[in-house]
K.L.:
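Please find one structure pasted underneath; my questions will follow.
Remember, it's 1-based here, ligands and their atoms both numbered in the order they're listed.
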Amino acid sequence: MIPSTIRNFIEIFSRLPGIGPRAATRLAFYLTELPTHTKEELARAFTNLDSVDLCPTCKLIKDGAQASCAICKNPTRNKNVIALIEKPTDLLTIEKSGHHKGTYMILGETPQRGMVSELQKKRLEELKARIQNLPEKKATELIVAVGPNTLGDLLYEHIAREFGDYTQAITRLGRGIPTGGEIEFTDPETLRDALQRRL
Ligand SMILES: [Zn+2]
């Protein structure tokens with residue numbers, strides 16, 4: 001009953017985060033009715049993403065033409081204080097709070113089954129190399145900015161075990177973030193308090 005073009009669209013779009021088969025179906029019908037030039041504009045927005053890649057230092061997305069992201073490039077940001085976060089959206093929320101003057105390392109999300117992922121291990125190795133390139137060969141502080149939940153605890157403990165020789169201090173975000181809460185959805189004021197009251 002549904003043409004194969006639409007079925008194919010639904011199949012592909014259902015794989016995207018936050019979009020299930022129902023939303024993909026609705027999207028397919030909606031897009032079908034749009035004028036060709038609007039569809040072309042959307043398609044261009046997708047292909048243009050190809051020109052974006054990851055900052056080699058912190059793994060935030062950056063413009064392909066730039067060597068590093070705006071934060072790593074900024075000489076006023078403290079390279080010795082590094083916030084370790086799971087997702088780029090966590091970084092955006094922390095930036096909005098305006099209370100982190102250091103830099104970042106995006107590690108990727110901790111898998112639900114509760115172990116440090118291969119990507120996280122790889123990024124942590126890269127972080128060690130990055131720290132060894134600092135003038136002091138040691139960071140001043142690593143702020144493990146993960147949610148106060150079981151998976152966050154797991155990642156924090158792993159980092160605390162691995163980075164003792166690489167930093168003067170390892171801290172976690174302080175009180176304020178509800179237990180089980182997520183950084184991404186924390187309002188800037190709460191996050192500011194948590195950044196100020198690190199553990
Ligand atoms: Zn960067």
K.L.:
For the Zn ion (ligand 1), how many protein N, O or S atoms lie at less than 2.8 Å?
P.N.:
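For the Zn ion (ligand 1), protein nitrogen, oxygen or sulfur atoms under 2.8 Å: 4.
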K.L.:
Any side-chain to backbone donor/acceptor pair from Thr93 onto Thr89? Under 3.5 Å, distance only.
P.N.:
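At least one qualifying donor-acceptor pair exists.
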K.L.:
Inspect the contact between Glu126 and Lys122 and indicate whether a charged nitrogen and a carboxylate oxygen are less than 4.0 angstrom apart.
P.N.:
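Between Glu126 and Lys122 there is a salt bridge, with a charged N closer than 4.0 Å to a carboxylate O.
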K.L.:
Does the Lys138 side chain pair with the main chain of Pro135, one donor and one acceptor, at a distance under 3.5 Å?
P.N.:
no
K.L.:
Are Arg77 and Glu95 ion-paired here, with the side-chain N under 4.0 Å from a carboxylate O?
P.N.:
yes
K.L.:
For Lys128, does the NZ atom have more than 12 heavy-atom neighbours from other residues, nucleotides or ligands under 6.0 Å away?
P.N.:
yes
K.L.:
Give a yes or no on this: more than 12 heavy atoms of other residues, nucleotides or ligands lie within 6.0 Å of atom CG of Asn48.
P.N.:
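Above 12, so yes.
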